[in-house]
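To keep things clear, I will list the structure first and then write my remarks on it.
What you see below is based on every heavy atom in this structure, not just the backbone, and it leaves out hydrogens, waters and symmetry mates. Residue numbers begin at 1 in each chain, while the letters A, B, ... track the order of the sequences.
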There are 2 protein chains.
Amino acid sequence: MNNSSNRFEQMSYKLKSAGYKLTPQRVIILQILSQRQDHPNPDSIYATLKKQLPTTSPATIYKTLAVLKNLKEVLEIQYSKESNRYDGYNPIPHPHIHCIKCKKLSDLNLFVFDQLSEEVQKQTGYQVHSLNLLIDGICPECQLTSQEDDK
Amino acid sequence: MNNSSNRFEQMSYKLKSAGYKLTPQRVIILQILSQRQDHPNPDSIYATLKKQLPTTSPATIYKTLAVLKNLKEVLEIQYSKESNRYDGYNPIPHPHIHCIKCKKLSDLNLFVFDQLSEEVQKQTGYQVHSLNLLIDGICPECQLTSQEDDK
DNA sequence: ATACGTGCAAATACTTTGCAGGCTT
DNA sequence: AAGCCTGCAAAGTATTTGCACGTAT
């Protein structure tokens, strides 16, 4: 059993345990979230979902994402300009790097990250809820193709 | 001469050198940005500006902030839910901690932060543009007052 | 039957844009 | 005179909300 299947089972279980119903819409949303590792935004999830259930509305996705976020079964990566992206494959908080050209959003391994929360808590006295590290840049591929539009 | 005055001079100089005009609106915006250390959002800047120039519109603030951001004379702290906040007092990228109760946004000193950009660049090959570390939590004061609303 | 979920549409919030008029150099 | 800047209003985008209907237990 691969991680996608595990994630699907885990999310389904969590939803049901918390008293939520596993509707056809939600099943598909869970499938999408457990499989995709490209951190889709609501609109992208909507596009896929609409193919299988054409009557679905975006509101359903937003509502389900909110539930999953509260259950910590999906990680929300917040943007101010573009819409949020969601990681259901690996919902444990981790830093990301975002290419501002091709919009790709990738995981980033930083061994300092996991200690940060506790360190900040100690240093500031804040009760830390979430720690968002988001890096914007240009990925190696886009660096090649963007040489011509440099001034 | 204190840092606020320095910042005001520096921002004025940068604007003029880059060919922008120093209009009355912009003078006041620069004053606000150079003095306030609470990381105001556009609306808060607007409220102050409106007192001195009642006909000012929010668009003027957004446009001026965009210019200053490009000149790197103001640091934009991005949110997805609330509006952006701006640091003109210390425009060099640095991490922040945000209280989700009282909305206070404070600077955070993390000695690891300054090395991160280069480390990420090496590790990923990305050309790093900006590194945003934003921590959400509850500040010590709000922890005291919020005990009663805990479930 | 009761409560939850869905889909639609309207509302909200923040920010950007187009444009006409004004001011500065 | 030319160009930049402002203020207004409209448009744009992302997300949330209210509500009536449907469905599952």
Problem - Phosphate OP1/OP2 of C:dT15 contacted by B:Tyr62 side-chain N/O (<4.0 Å) - result: yes
Handout entry: C:dG7 OP1/OP2 closer than 4.0 Å to side-chain N/O of A:Thr55
Key = yes
Practice task
Take atom OH of A:Tyr46 and atom P of D:dA14, then tell me their distance rounded to the nearest Å.
Solution key: 14 Å
Handout entry: Nearest-Å distance for atom pair CG/C1', residues A:Leu53 and D:dG22
Key = 15 Å
Handout entry: Phosphate-side-chain proximity, B:Thr56 and D:dT6, N/O vs OP1/OP2 below 4.0 Å
Key = no
Handout entry: A:Ile28 CD1 to C:dG7 C1', straight-line distance once rounded to whole Å
Key = 15 Å
Practice task
Provide, to the nearest angstrom, the distance between the CG atom belonging to A:Asn84 and the P atom belonging to D:dT15.
Solution key: 5 Å
Exercise for the section: Classify the nucleic acid contact of B:Pro42 as base, sugar-phosphate or nothing, counting any heavy atom under 4.0 Å across all strands shown. Expected result: sugar-phosphate
Fill in the blank from the handout: By nearest-heavy-atom nucleotide on DNA chain D, the more 5' of A:Lys63 and B:Leu22 is B:Leu22
Handout entry: A:His96/A:His94 aromatic ring centres below 6.0 Å
Key = yes
Handout entry: Among C:dG18, C:dT6, D:dT17, the nucleotide that comes nearest once only the side chain of A:Ala59 is considered
Key = D:dT17
Completion exercise
When rounded to whole Å, the CD1 to P distance for the pair B:Ile45 and C:dT15 reads 11 Å
Problem - Whole-Å gap separating P (C:dT6) and CG (A:Leu15) - result: 10 Å
Problem - A:Thr23 side chain near C:dG5 phosphate (N/O to OP1/OP2, under 4.0 Å) - result: no
Practice task
Kindly point out which of C:dT17, D:dT6, C:dG7 is positioned nearest to the side chain of A:Gln25?
Solution key: C:dG7
Practice task
Classify the side-chain pair B:Gln121/B:Gln127 by whether it contains a donor and acceptor separated by less than 3.5 Å.
Solution key: no
Practice task
Using whole Å, report how far NZ of B:Lys21 lies from P of C:dT25.
Solution key: 7 Å
Exercise for the section: Starting from the C-alpha separation in whole Å, work towards a yes-or-no answer on side chain to side chain donor-acceptor pair (under 3.5 Å) for A:Arg36 and A:Ser44. Expected result: CA-CA 11 Å; A:Arg36 290 180 59 173; A:Ser44 167; 2.9 Å; yes
Handout entry: B:Arg85/B:Glu76 ion pair, N-O < 4.0 Å
Key = no
Exercise for the section: Using whole Å, report how far CG of B:Asp43 lies from C1' of C:dT15. Expected result: 12 Å
Problem - B:Asn70, CG atom: more than 12 neighbouring heavy atoms under 6.0 Å - result: yes
Practice task
May I ask you to verify if any side-chain N or O of A:Ser57 is less than 4.0 angstrom from the OP1 or OP2 atom of C:dC8?
Solution key: no
